[in-house]
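Worksheet: one structure, shown below.
Note that the coordinates shown come from a computational prediction; the quantities given were computed from them, not determined experimentally.
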There are 2 protein chains.
Amino acid sequence: MQISSRFSVAVHVLALLATHRPTDGLLTSERMAGSVNTNPVVIRRILGQLKKAGLVEVRPASGGTFLSRQPAAISLLDVYRATEVVEAGQLFSIHEQPNPACPVGRNIQAALNDTLQRAQAALEQQLATVTLQQVALDIVARTAVGVG
Amino acid sequence: MQISSRFSVAVHVLALLATHRPTDGLLTSERMAGSVNTNPVVIRRILGQLKKAGLVEVRPASGGTFLSRQPAAISLLDVYRATEVVEAGQLFSIHEQPNPACPVGRNIQAALNDTLQRAQAALEQQLATVTLQQVALDIVARTAVGVG
DNA sequence: GCAGCTGTAACCAAGTAGATTACAACAAGG
DNA sequence: CCTTGTTGTAATCTACTTGGTTACAGCTGC
């Protein structure tokens, strides 16, 4: 089982916004969908989540989406949380109903919980160290190489 | 999306093996299923994975499963890998076909890959620090409290 | 008013997990 | 030898999630 691609699509969309120049015209959901290669509705759904998390502002009918903060102030953890690929603290799932008549069954959940929380926190801390700005700069750098 | 409960069930099964006393009789898949509260076939499937990973030995027809190593020599990362809840290096999924005509689309995968690999590695390193022995001792300690 | 875009609901196809049934293969004891 | 009990595994089923798609209401700005 994998973490949903909603997360990587969201980063993609935010990278588009971060590197977009106003002179290129409006960045509509349809144009973003063209870059991600998916359906505009999928993009709008994700934009809705990013908007709810306060990462972007969307002009409802006239088109156009803008970052609410500087790219340097948006971490990949913010995006991860915003896209709710995982309910908070629930990356691992533990079997729900072990047998309470058995010592192991009675205590396995508690015994595992701390460890799994720590593992999940380690993952999230890594995501917190990377900003949208870094991703955008990385893309620009790679583009330059590709062009040259 | 969550990481499959196969992992927590596998830890449960191994904890049963680690705390099991031979005087209590054979630990069959049916008895383990009773503790986990699932179907014996689910247990046997997971035992098959643990066996393939060299963590347990199963006596084919006469019943009985045993740890191949000391509990202190089995880490939760070993179990995580054995249960293949995630193909190696693929915890995150990235949308497959971004538009190569777009600079962002052309480079998003490469730009994200390193970061996501690091996040995943951080999670796995945390799992590597915990052994089956620690889990088993934790369960025993909690059991004692519950009994007293 | 009209064109174009967003916001959402509704539905579909595909993939995955876990539960369950069924059965072949085989070890061990009488 | 043959019966019993267990493992190994295939096949099926239901439930759930995801991403894709269609449809349409609501709204903005010219």
**Request:** Classify the nucleic acid contact of A:Val58 as base, sugar-phosphate or nothing, counting any heavy atom under 4.0 Å across all strands shown.
**Result:** sugar-phosphate
**Message:** Looking at A:Ser29, I'd like to know whether one of its side-chain N or O atoms comes within less than 4.0 Å of OP1 or OP2 on C:dC5.
**Reply:** no
**Request:** Would you mind reading off the distance between B:Phe92 atom CZ and D:dT18 atom P, rounded to a whole angstrom?
**Result:** 15 Å
**Item:** Minimum-distance nucleotide to B:Arg44 side chain [options: D:dT22, D:dG8, D:dG29]
**Value:** D:dG8
**Contact under 4.0 Å: A:Lys51 side-chain N or O vs C:dT6 OP1/OP2** = no
**Prompt:** Does D:dT6 have OP1 or OP2 sitting under 4.0 Å from an N or O in the side chain of B:Ser62?
**Reply:** no
**Request:** Ignoring backbone atoms, test whether A:Thr38 places a side-chain nitrogen or oxygen under 4.0 Å from the OP1 or OP2 oxygen of D:dG19.
**Result:** no
**Item:** Short side-chain donor-acceptor distance under 3.5 Å, B:Thr83 and B:Arg6
**Value:** no
**Request:** Determine the interplanar angle of the B:His12 and A:His95 rings, folded into 0 to 90°, and report it as parallel if under 30°, tilted if 30 to 60°, perpendicular if over 60°.
**Result:** tilted
**Item:** Atom-to-atom span, CD1 of B:Ile46 to C1' of D:dG8 - whole angstrom
**Value:** 15 Å
**Prompt:** Once you round to the nearest 0.5 Å, how far does CD1 of A:Ile74 lie from CG of A:Leu67?
**Reply:** 5.0 Å
**Message:** Side chain of A:Val41 only, heavy atoms from C-beta on: which candidate in C:dA19, D:dT22, D:dG20 is closest?
**Reply:** D:dT22
**Prompt:** Considering only side-chain heavy atoms of B:Thr28, which listed nucleotide, C:dG18, D:dG19, D:dT7, is closest?
**Reply:** D:dT7
**Message:** Between P on D:dT17 and CD on B:Gln2, what's the gap in Å once rounded to a whole number?
**Reply:** 9 Å
**Message:** Output the rounded distance in Å from NZ (B:Lys52) to P (D:dG8).
**Reply:** 12 Å
**Message:** Checking contacts here: which listed nucleotide (C:dA19, C:dC26, D:dT21) is nearest the side-chain heavy atoms of B:Ala61?
**Reply:** C:dC26
**Item:** B:Arg45 side chain, from C-beta outward: closest of D:dG8, D:dT28, C:dG18
**Value:** C:dG18
**Message:** If I take atom CZ in residue A:Arg59 and atom C1' in nucleotide C:dG7, what distance separates them, rounded to the nearest angstrom?
**Reply:** 17 Å
**Request:** State the CD1-CG distance between B:Ile94 and B:Leu112, to the nearest 0.5 angstrom.
**Result:** 5.0 Å
**Item:** Distance test, side-chain N/O of B:Arg6 to OP1/OP2 of C:dG18, below 4.0 Å
**Value:** yes
**Prompt:** Does B:Arg118 have any salt bridge (charged side-chain N to carboxylate O under 4.0 Å, His left out) partners at least two apart in sequence or in another chain, and if so, which?
**Reply:** none
**Request:** Provide, to the nearest angstrom, the distance between the CG atom belonging to B:Leu26 and the P atom belonging to C:dA27.
**Result:** 16 Å
